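See structure below.
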Amino acid sequence: MTFTIPGFEQVRLPGADGVELTAAVGGSGSPVVLLHGFPQTHLMWRHVAERLADGHTVICPDLRGYGASDKPAATNPDVYAKRTMAADIVTLAASLGHERFALVGHDRGALVAFRAGLDHPETITHLGILDIVPTLDMWNVLHGTSAAVGYHLYLMAQPPGLPEAMIAASADAFFGSFLEAWANDPTTLPADVRAEYLRASAAAVTSIVADYRASADIDVTHDQADMDAGSQLAMPVTVIQQDWGAQLGFDAAGVWKAWAPDLDHRLTRAGHFMAEEAPDEIAAAVRDLLAR
């Protein structure tokens with residue numbers, strides 16, 4: 001198996017600050033960029049991308065630090081700030097001739113998409129978010145024993161050294177545990193796809209940890225500044241997530257409404273890997289978003 005989306009061209013494109021990203025590009029029509037989550041690559045969008053490609057140019061990059069994209073050393077907090085990763089995506093799309101585009105992100109990619117929507121409102125026409133709340137809100141809703149579901153957030157927030165060593169020593173077990181725990185249907189991830197996610201993640205431990213560490217530091221600072229300033233997402237926003245509000249005791253739709261006045265908030269019965277488990281549902285929601 002070639003580990004990209006069937007029928008898509010795999011290309012290298014410029015990001016911010018001299019970083020290059022690998023992306024799968026296919027279809028034709030108005031542009032839609034799809035950003036993957038953890039512990040995955042752009043391959044997670046294979047089913048949804050194929051469904052959208054009949055009416056759209058679909059662009060699926062590996063985020064910086066993941067997959068086949070560059071993995072710069074985290075020499076300062078900005079390197080893996082979601083602000084920088086969002087600038088990667090705007091630069092990448094512009095290199096393909098798209099000064100304005102719709103953006104959909106899952107998990108870590110959704111955090112990048114959220115930041116892109118706030119930082120580049122003139123560029124992002126529509127915003128889709130799968131299975132997160134913004135970074136600042138994420139830390140606020142995790143408390144008590146319920147926070148155990150996000151233990152990896154706390155592990156990778158620690159100073160450089162120990163988290164990287166611990167994860168690298170048992171990479172397949174660590175990354176594989178999320179692939180198993182977060183999928184409602186184990187057949188959602190075929191063996192060859194699962195193996196590719198594990199291979200790619202094991203090769204990117206340092207940069208993955210740096211991405212998460214930024215979300216316990218500089219990303220919180222950026223979100224807090226926007227909240228204090230009353231900044232909101234100016235474009236139509238669709239959020240699809242599991243019922244985390246009921247599980248963790250908060251109003252998920254209310255959290256999102258504070259950031260996104262033009263909000264379509266949906267709950268799904270699919271697991272975390274919803275783009276693979278329920279591609280028809282997710283593709284239809286993206287089409288609904290683009291029609292707003």
Side-chain angles (χ1 to χ4, degrees), residues 29-37 45 48-49 51-52 55-60 82-83 85-87 89-90 92-94 98-138 140-141 219-220 222-246 248 250-270 272 274-275 278-292:
S30 62
V32 181
V33 178
L34 307 177
L35 304 181
H36 68 86
W45 287 112
V48 173
R51 286 162 170 76
L52 296 177
H56 300 279
T57 299
V58 183
I59 305 160
C60 303
K82 302 309 157 292
R83 174 158 286 161
M85 296 171 78
I89 304 308
V90 171
L92 177 149
H98 305 302
E99 299 298 330
R100 287 170 56 79
F101 57 91
L103 181 60
V104 182
H106 173 256
D107 189 81
R108 306 305 294 174
L111 297 176
V112 176
F114 171 74
R115 177 46 53 191
L118 288 173
D119 286 358
H120 304 277
E122 73 289 347
T123 300
I124 310 304
T125 63
H126 302 77
L127 185 65
I129 299 288
L130 304 188
D131 220 29
I132 64 151
V133 292
T135 300
L136 179 64
D137 301 286
M138 173 189 74
N140 289 338
V141 303
D219 295 340
V220 174
H222 291 158
D223 280 10
Q224 187 67 60
D226 276 311
M227 177 173 279
D228 292 345
S231 301
Q232 292 183 309
L233 296 161
M235 66 291 298
V237 176
T238 293
V239 174
I240 309 171
Q241 55 192 152
Q242 300 174 89
D243 197 358
W244 289 112
L248 298 177
F250 69 98
D251 177 8
V255 166
W256 275 109
K257 191 67 176 178
W259 291 102
D262 186 358
L263 175 68
D264 177 7
H265 185 271
R266 304 183 181 193
L267 298 179
T268 180
R269 294 182 179 275
H272 180 65
M274 57 190 69
D280 287 333
E281 175 186 350
I282 301 306
V286 173
R287 290 193 188 96
D288 289 346
L289 169 65
L290 298 177
R292 285 162 58 194

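Here the structure is a predicted model, which means the values were calculated and not measured. Side chains are part of it too, since the values below use all heavy atoms of this structure and drop only hydrogens, waters and symmetry mates.
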Measuring only between side-chain heavy atoms, which start at C-beta, is [X] closer than 4.5 Å to [Y]?
X: V32; Y: F101; answer: no
X: P134; Y: D219; answer: no
X: L52; Y: W45; answer: no
X: R51; Y: I282; answer: no

Over all atoms of both residues, closest heavy-atom pair of [X] and [Y]:
X: H98; Y: I59; answer: CD2-CD1, 3.7 Å
X: L289; Y: P236; answer: CD1-O, 3.6 Å
X: V58; Y: A49; answer: CG1-CB, 3.9 Å
X: A113; Y: L35; answer: N-CD1, 4.1 Å
X: T125; Y: R100; answer: CG2-NH2, 3.4 Å
X: I129; Y: A110; answer: CD1-O, 3.5 Å

Return yes if some donor-acceptor pair links the side-chain N/O of [X] with the main-chain N/O of [Y] below 3.5 Å, else return no.
X: Q224; Y: L136; value: no
X: Q241; Y: I132; value: yes
X: H106; Y: H36; value: no
X: H265; Y: T238; value: no
X: T57; Y: S30; value: no
X: K257; Y: P261; value: yes
X: R292; Y: V237; value: yes

Measuring from [X]:[atom1] to [Y]:[atom2], what's the distance to the nearest 0.5 Å?
X: W256; Y: D251; atom1: CH2; atom2: CG; result: 13.5 Å
X: M235; Y: H120; atom1: CE; atom2: NE2; result: 10.5 Å
X: L118; Y: S231; atom1: CG; atom2: OG; result: 6.5 Å
X: L263; Y: Q232; atom1: CG; atom2: CD; result: 11.0 Å

R83/D223 salt bridge by N-O under 4.0 Å criterion: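 Not counted as a salt bridge, because no side-chain N and carboxylate O are separated by less than 4.0 Å.
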Between [X] and [Y], a side-chain donor and acceptor under 3.5 Å:
X: W259; Y: D137; result: yes
X: E281; Y: T268; result: yes
X: D131; Y: W244; result: yes
X: T135; Y: R115; result: no

Side chain to side chain contact (heavy atoms under 4.5 Å, CB included) assessment of V286 paired with L290: CA-CA 6 Å; V286 173; L290 298 177; 4.1 Å; yes
Side chain to side chain contact (heavy atoms under 4.5 Å, CB included) assessment of R108 paired with K82: CA-CA 9 Å; R108 306 305 294 174; K82 302 309 157 292; 3.7 Å; yes
Residue that, paired with V33, satisfies side-chain contact (heavy atoms from CB on, under 4.5 Å) out of I89, V90, L92: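 It is I89; the other options fail the test.
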D107/L130 under side chain to side chain contact (heavy atoms under 4.5 Å, CB included): CA gap, chis, key distance, verdict: CA-CA 6 Å; D107 189 81; L130 304 188; over 6 Å; no
Pair M274-I240, side chain to side chain contact (heavy atoms under 4.5 Å, CB included): steps then yes or no: CA-CA 9 Å; M274 57 190 69; I240 309 171; 3.9 Å; yes
R269 atom CZ: more than 12 heavy-atom contacts under 6.0 Å: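 No.
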